[in-house]
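Take a look at the structure set out below.
All values derive from a computational prediction rather than experimental measurement. All residue numbers in this chain count up from 1 along the given sequence.
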Amino acid sequence: SLREVFEFRFMQTDPNFGNFLYDRNTDKIALLDFGASRAFDDYFVEHYMGILYSAMSGDFQGCVDESVELGFLTGTEHPDMAKAHVQAVTTLATPFVTEGAFDF
């Protein structure tokens, strides 16, 4: 979730159902397996936010530049590859720019 990355700077990166336990009594989800968890430093969080913000703002080049900064792209991709990457990130960002509840 966004809170994991931007607030806690820590995320469980293997989100399969076997790694979580739902407690009906407390209506909470507990993480069982921390083996695939990782911390994120300020540099990563800043540039990852830059990628999402650029995608939300329709800033194609900003999205590419931030993606290169984090190593998601090299900067030497074929234009079609860069376009596909930005389209994927823009799809990811769509719920954050939609008015009201987003219908997944």
Which distance, rounded to the nearest 0.5 Å, do you find between the [atom1] of [X] and the [atom2] of [Y]?
X: Leu73; Y: Glu66; atom1: CG; atom2: CD; value: 11.5 Å
X: Phe6; Y: Met11; atom1: CZ; atom2: CE; value: 8.5 Å
X: Phe20; Y: Leu32; atom1: CZ; atom2: CG; value: 8.5 Å
X: Phe8; Y: Arg3; atom1: CZ; atom2: CZ; value: 4.0 Å
X: Thr94; Y: Phe96; atom1: OG1; atom2: CZ; value: 9.5 Å

Are Tyr43 and Leu52 linked, directly or through other ILVMFWY residues, by side chains that come within less than 4.5 angstrom of each other?
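Same cluster.
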
Give a yes or no on whether Met56 and Met49 share a hydrophobic cluster (residues Ile, Leu, Val, Met, Phe, Trp, Tyr; joining criterion: side-chain heavy atoms under 4.5 Å apart).
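Looking at the clustering, Met49 is in the same group as Met56.
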
Could you list the residues that satisfy side chain to side chain contact (heavy atoms under 4.5 Å, CB included) with Asp65, not counting sequence neighbours?
Gln61

With no hydrogens and no angle check, is any side-chain donor or acceptor of Asp14 less than 3.5 Å from a backbone partner on Asn19?
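Checking the backbone N and O of Asn19 against the side chain of Asp14, no donor-acceptor pair under 3.5 Å is found.
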
Write out all pairs satisfying salt bridge (charged side-chain N to carboxylate O under 4.0 Å, His left out) with one or both partners inside residues 20-41, taking only residues at least two apart or from two chains.
none

Shortest non-hydrogen contact from Glu4 toward Gln12
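Glu4 and Gln12 have their closest heavy atoms at OE2-N, 3.7 Å.
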
Atom of Ser54, atom of Cys63 and distance for their closest heavy-atom approach:
CB-N, 3.3 Å

Got a sec: does the OH of Tyr48 have more than 12 other heavy atoms crowding it under 6.0 Å?
no

Counting only heavy atoms not in Phe17, do more than 12 sit closer than 6.0 Å to its CZ atom?
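Not buried by this count: 12 neighbours or fewer within 6.0 Å.
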
I'd like a table of donor-acceptor pairs (distance under 3.5 Å, sequence neighbours excluded) in which one partner is a side-chain atom from residues 80-92, with atom names and distances.
| unit_1 | atom_1 | unit_2 | atom_2 | d |
| --- | --- | --- | --- | --- |
| His85 | NE2 | Ser67 | OG | 2.8 |
| Thr90 | OG1 | Val86 | O | 2.7 |
| Thr91 | OG1 | Gln87 | O | 2.9 |

Parallel, tilted or perpendicular: rings of Phe72 and Phe44 (30°, 60°):
perpendicular

